[in-house]
Protein chains: 4
Amino acid sequence: MTSFESDYNNGAHPDVLQHLIETNNSPSVSYGYDEWSELAREKIRLACQAPEAVVQFLVGGTQTNATVIDALLPSYAGVIATETAHINVHESGAIEASGHKVITLPSHNGKMDAEDLCKYLKTFHADPTWEHMVFPGMVYITFPTELGTVYQAAEIEQIYSICQQYNIPLFIDGARLGYGLASTECNFDLPWLAHHCNAFYIGGTKVGALCGEAVVFPQGKAPHMFFTIVKRHGALLAKGRLVGIQFNALFSNNLYLKISQYVIEKAMRLRQLFIDAGFPVKDSPTNQQFVILTNQQKEKLMSQVLFETWETIDTNHTLCRFVTSWATTETDLKELQKAINRLKK
Amino acid sequence: MTSFESDYNNGAHPDVLQHLIETNNSPSVSYGYDEWSELAREKIRLACQAPEAVVQFLVGGTQTNATVIDALLPSYAGVIATETAHINVHESGAIEASGHKVITLPSHNGKMDAEDLCKYLKTFHADPTWEHMVFPGMVYITFPTELGTVYQAAEIEQIYSICQQYNIPLFIDGARLGYGLASTECNFDLPWLAHHCNAFYIGGTKVGALCGEAVVFPQGKAPHMFFTIVKRHGALLAKGRLVGIQFNALFSNNLYLKISQYVIEKAMRLRQLFIDAGFPVKDSPTNQQFVILTNQQKEKLMSQVLFETWETIDTNHTLCRFVTSWATTETDLKELQKAINRLKK
Amino acid sequence: MTSFESDYNNGAHPDVLQHLIETNNSPSVSYGYDEWSELAREKIRLACQAPEAVVQFLVGGTQTNATVIDALLPSYAGVIATETAHINVHESGAIEASGHKVITLPSHNGKMDAEDLCKYLKTFHADPTWEHMVFPGMVYITFPTELGTVYQAAEIEQIYSICQQYNIPLFIDGARLGYGLASTECNFDLPWLAHHCNAFYIGGTKVGALCGEAVVFPQGKAPHMFFTIVKRHGALLAKGRLVGIQFNALFSNNLYLKISQYVIEKAMRLRQLFIDAGFPVKDSPTNQQFVILTNQQKEKLMSQVLFETWETIDTNHTLCRFVTSWATTETDLKELQKAINRLKK
Amino acid sequence: MTSFESDYNNGAHPDVLQHLIETNNSPSVSYGYDEWSELAREKIRLACQAPEAVVQFLVGGTQTNATVIDALLPSYAGVIATETAHINVHESGAIEASGHKVITLPSHNGKMDAEDLCKYLKTFHADPTWEHMVFPGMVYITFPTELGTVYQAAEIEQIYSICQQYNIPLFIDGARLGYGLASTECNFDLPWLAHHCNAFYIGGTKVGALCGEAVVFPQGKAPHMFFTIVKRHGALLAKGRLVGIQFNALFSNNLYLKISQYVIEKAMRLRQLFIDAGFPVKDSPTNQQFVILTNQQKEKLMSQVLFETWETIDTNHTLCRFVTSWATTETDLKELQKAINRLKK
């Protein structure tokens, strides 16, 4: 059945797979020191216009968040995030597993508000009991957010500036980074992002790879003993090439951005299908589209295409999520359109 | 240059890669609930003659050890292992990262001695201060061991029996499981192993896969909330199919065992080359061969084939490790033979 | 200067000190197995009308929360508490240090609302992604709360009932338990409390002791290996008698309740002084009184008596905290009254 | 019955108790900022001839070890100790609970050998796989050791020098520090010790206090955010004065050393009693004496005086431990002498 369930329900983008195939019989050294990983790192540095950047490949998103946050924080410190942040909601406590509190700020349509952050830090440092509290040691935001929204350059600029003022790093979770950058609402590019945070990762799993995330420390300072920390988190691949080869493909011929643009174009088309049919849709400029259906419509539609139930709105309405990916085709959209049309009868 | 450095310096076995290729365009559900993972689980149950077994796919060895040990132990307990155990030496403290002590027993050529274990547990439980000590909550052994040796059935039987007596689980690290089972010195098979421990894993990374380890709880009782624990350890793949597909290939047509036998055959040939040339070799019936070279010989050989320096023996001798893999060819062995011959001149 | 800063700014209540003096020269066994600890445990069981109760003495409040919560939770689970809970705000991340998330619910004047709890648990268990989230493994409330308020019997009953329904323990932090029980707004007693939770602690430090908290598992089931867990948390005193002797005094001749009543009587008098002088006071029936002062009044009053600044209300007003203790005297209250009168001039 | 079971089976030394009594009614600030804690800190700095020293009071030994070690180590590092070290054997895994491995070296009669240490560090740093191992981030020794032995100045000097060479701190566990310093075999004093390590603690619990250990960072650099780390470990007393007052007494009029000398004198007398009666005694110049008894003798003696069974030597002999403390009297020794004499008949 046509599926809009998620962007990790398919294999690799054909070009990524092709590079895995063509390199398969070449021997290499292990643990990420292979030639393709090296090439991929160099291409990422170039794409980021960050020639000093340290790039480390990890396997999955939760693992990457847990490893990087643990590496950036001293044992006693916590990480500031929104209430809806992936690390606060959907990582089974992986951050706390390393001893770190997730300190939450309100979510504004998935985004952190610079004013909230400023107020929190100001209040914390003015509090006479601050030494009895968890020290806010870094800031975590997602781009695009868990709700599919995107920060504007000015918003990130403000957050980063506050971080600099308090001398704490800003880390950006880019599990779906490409879709944020390819969104028409985004007013910056990859190099800009790389110059407005201390660490971020370029999500591979959800943008055409089989697995893999590329952590970037753009200013070139990886946390001390980062390799050991990665290993200690069980995040080091013996065949590190597996991720390096995929990123080498993704950052050749602009593939990462091309996939992202393709997926966004499909998402906008999908969105328009619902709008044209008169369904209320949430504001989301990326590849996750949120549509309000009556429970009856939801049931009917679900029998024809696959998608996710996101949130109960009231006894009669449900917020549903439809996601596009590199594997979404014209045919898929046509199937969806037909199914939507059948709803109206 | 011809390489005997490790069994994780190559890509996937061609049949494994082929299955990744042929499934790439089929959509699936995520997190390991896909059809191929399901098929692979069923084939593994069959190969283990353990129809009730719970099988969970993880990504790498250190991650698997850390996740399974954390899942099997209560917070206050430790894991018993030999001093040379991978978890004690080469996992950057991943076990301690979850709060668990590695309690060490002497290594007998890489193996744990049942008598040592029995004595330790007896002494612990007789100690009036035992409540001030780390409770020994499980036993970890590797098969084959880090030194390439293999346990005999009777040895594992004794260890397992002691575990049962003390009501603590036995977990077997099978990062190179196939090479142990394919060794001529091994006097049991996979089903026998599955019936003589509480948990073990079938290593994929080092036996033909790009990544992936299959954890098996043969009696069918996974630790409570194991899925959440896996996620909390950053060990859950969004595209769980990546590992499932590979194990589906490895456990079709007996491929896992065939690869293992091929690799062992090559290892025994490699071993014989050194023996024939009069070099002292350590007792190892698996795919890691340990040869004593003079430093001069080592340097000369290293300029012609790749291998690892393992241990300094004295000021003039070094123990060197040569490893075979699915990618080792006849040509590789011939290259090595030539290089060895050149040493003697 | 007369101080209302806190209830831990003085030594021990004279009767507690006296018992330390009179027992000082008697030898005893260590680690809490001494005769006075045994007597104290028995008296606490009696006072709780819980003959099966397990009682363990620990040293301080944060330590007790961290130890008990870690003991009650499996590694992957979190503890539900209000946003204003001590464990969420003022314990420097001691709960997260053991790997556990504090899952927060709104604070209603310091209290958890049974409806909020019920809704949270219902939503969690209905969520299809629940396995990716932190399992809510227990509930923590404080009595009296951090804001000085007290739960009514019906409120605790509802919370406990929800816990039972979801089969998770309810733990009550009683750092100031006596003051809650002695409050005129409290409609239950110690035995009632002991029968409406799975674990609680009787605070000593803030109610007349030099240090020490008595953890009670009223149904008699301490967590497995609790002694070892206590030691692992650095919470085991070699001279366990230090706390046992103090609790033996506190639970002889009804001293614990008598101290509590004395302190509450002083607190109500203090409260009335502010009310009579026309100052807005927050609703608090226990020994922490919260008064709104203009910043000018605050400065003037601070030059005459000691108290704590609690919260900025607006640019011109501050919420101030005044606390009574066993050491608060009539003279102290008269000093305060004079100082308040001087404010009005 | 006369007891030689331990040095923590009695109350406080009378002078310590007296100071608790005389200060009891004076108010103070909390968390260790009180005047007596301040006085005690200053006296300790003086006694150590370390005017820049940072001194922090904690409650117990295991807690102190866990807190200081966690504070001195980055998350990924471990602590080097002997196999017999308290942190390795008798702290229920408190070090691992913070994620740190205890890396063990052989015990030479309880002591670490500088050569073993040097070799370990050299080998570690020369190992090409060192990044896969636990980084040795500090060294822990006990003075006197768990077996009652004392390091010579030259031995500590060598260990400290190696630590400096590798730029890692040396931490000395002084749970029984006084008894080491008062031993006739000790060839240095407190100021010398303070200048030959990076951190150490002065044990109070076993040397006349009810509880309390004084951590000293002699060069004046406490770990960053140490107060918060202490709180996070549940090691912060609300009534911090409890420990400060006791150390103020212990470091007035040279009391700490006087108690230590008294106890050592009694220990040497006790030792001589056994030697005179022809019993084999282990080499121990401090307050723990180890005597070999036949099992029959042990049973008979145990019916008359209290002591601890330490270790089974063979089927017929047991190593027994006899400990003196500030409370050990002439009468106690006479009772023991009589009991020993009765053994010979």
Side-chain angles (χ1 to χ4, degrees), chain C residues 1-3 5-12 14 17 20-21 23-31 34 58-67 70 90-94 96-98 175 205-206 209-211 227-243 245 306 327, chain D residues 1-3 5-12 14 17 20-21 23-31 34 58-67 70 90-94 96-98 175 205-206 209-211 227-243 245 306 327:
Chain C
M1 205 188 298
T2 304
S3 170
E5 276 182 304
S6 84
D7 37 19
Y8 42 88
N9 280 5
N10 279 83
L17 185 67
L20 281 170
I21 296 168
T23 55
N24 190 63
N25 288 323
S26 306
S28 67
V29 289
S30 48
Y31 298 121
D34 60 279
L58 283 94
V59 182
T62 293
Q63 178 187 85
T64 301
N65 287 332
T67 306
D70 191 33
H90 276 121
E91 302 196 348
S92 295
E96 290 84 2
S98 302
T205 306
K206 291 167 181 165
L210 285 168
C211 68
F227 184 94
T228 297
I229 293 170
V230 166
K231 175 92 181 178
R232 186 173 178 264
H233 274 268
L236 189 70
L237 280 182
K239 295 186 177 174
R241 59 191 274 164
L242 169 58
V243 178
I245 290 166
L306 297 172
Chain D
M1 205 187 300
T2 303
S3 170
E5 276 182 304
S6 85
D7 37 19
Y8 40 89
N9 280 4
N10 279 83
L17 186 66
L20 281 170
I21 295 168
T23 55
N24 191 64
N25 288 323
S26 305
S28 67
V29 290
S30 48
Y31 298 121
D34 60 279
L58 283 94
V59 181
T62 292
Q63 178 188 87
T64 300
N65 286 331
T67 304
D70 190 33
H90 276 122
E91 302 197 348
S92 295
E96 290 85 2
S98 302
T205 306
K206 290 165 180 166
L210 286 167
C211 67
F227 184 94
T228 297
I229 293 170
V230 166
K231 174 90 182 181
R232 186 173 178 265
H233 274 267
L236 189 71
L237 279 183
K239 294 186 176 175
R241 58 191 275 164
L242 168 60
V243 179
I245 290 166
L306 297 171

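Per chain, numbering begins at 1; letters A, B, ... match sequence-line order.
Using a 4.5 Å cut-off between heavy atoms, Ser3(C) does not touch chain D at all. Heavy-atom distances place both the backbone and the side chain of Ile21(C) under 4.5 Å from chain D. Using a 4.5 Å cut-off between heavy atoms, Ala238(C) touches chain D through backbone and side chain atoms alike. Looking at Leu210(C), the atoms closer than 4.5 Å to chain D (heavy atoms on both sides) sit in the backbone and in the side chain alike. Heavy atoms closer than 4.5 Å to chain C are found in the backbone of Ala209(D), but not in its side chain.
Here the shortest heavy-atom pairing between Lys231(D) and Glu91(C) reads CE-CA, 4.0 Å. Arg241(C) and Asn9(D) make their closest contact through NH1-O, 3.2 Å (heavy atoms, listed as atom of the first residue, atom of the second, distance). Residues Asn10(C) and Asn25(D) approach most closely at ND2-O, 4.2 Å, considering heavy atoms. What you find for Lys239(D) and Asp7(C) is that their closest heavy atoms are CE-O, 4.2 Å.
By the 4.5 Å heavy-atom criterion applied to side chains, Thr62(D) and Leu236(C) are not counted as neighbours.
Ranked by heavy-atom pairs under 4.5 Å with chain D, the list Ala66(C), Ser6(C), Ser28(C) is led by Ser28(C). Per-residue counts of heavy-atom pairs under 4.5 Å with chain C were compared for Gln63(D), Lys206(D), His233(D); the largest is that of Gln63(D). Between chain D and the options Ala12(C), Gly93(C), Cys211(C), heavy-atom pairs under 4.5 Å are most frequent for Ala12(C).
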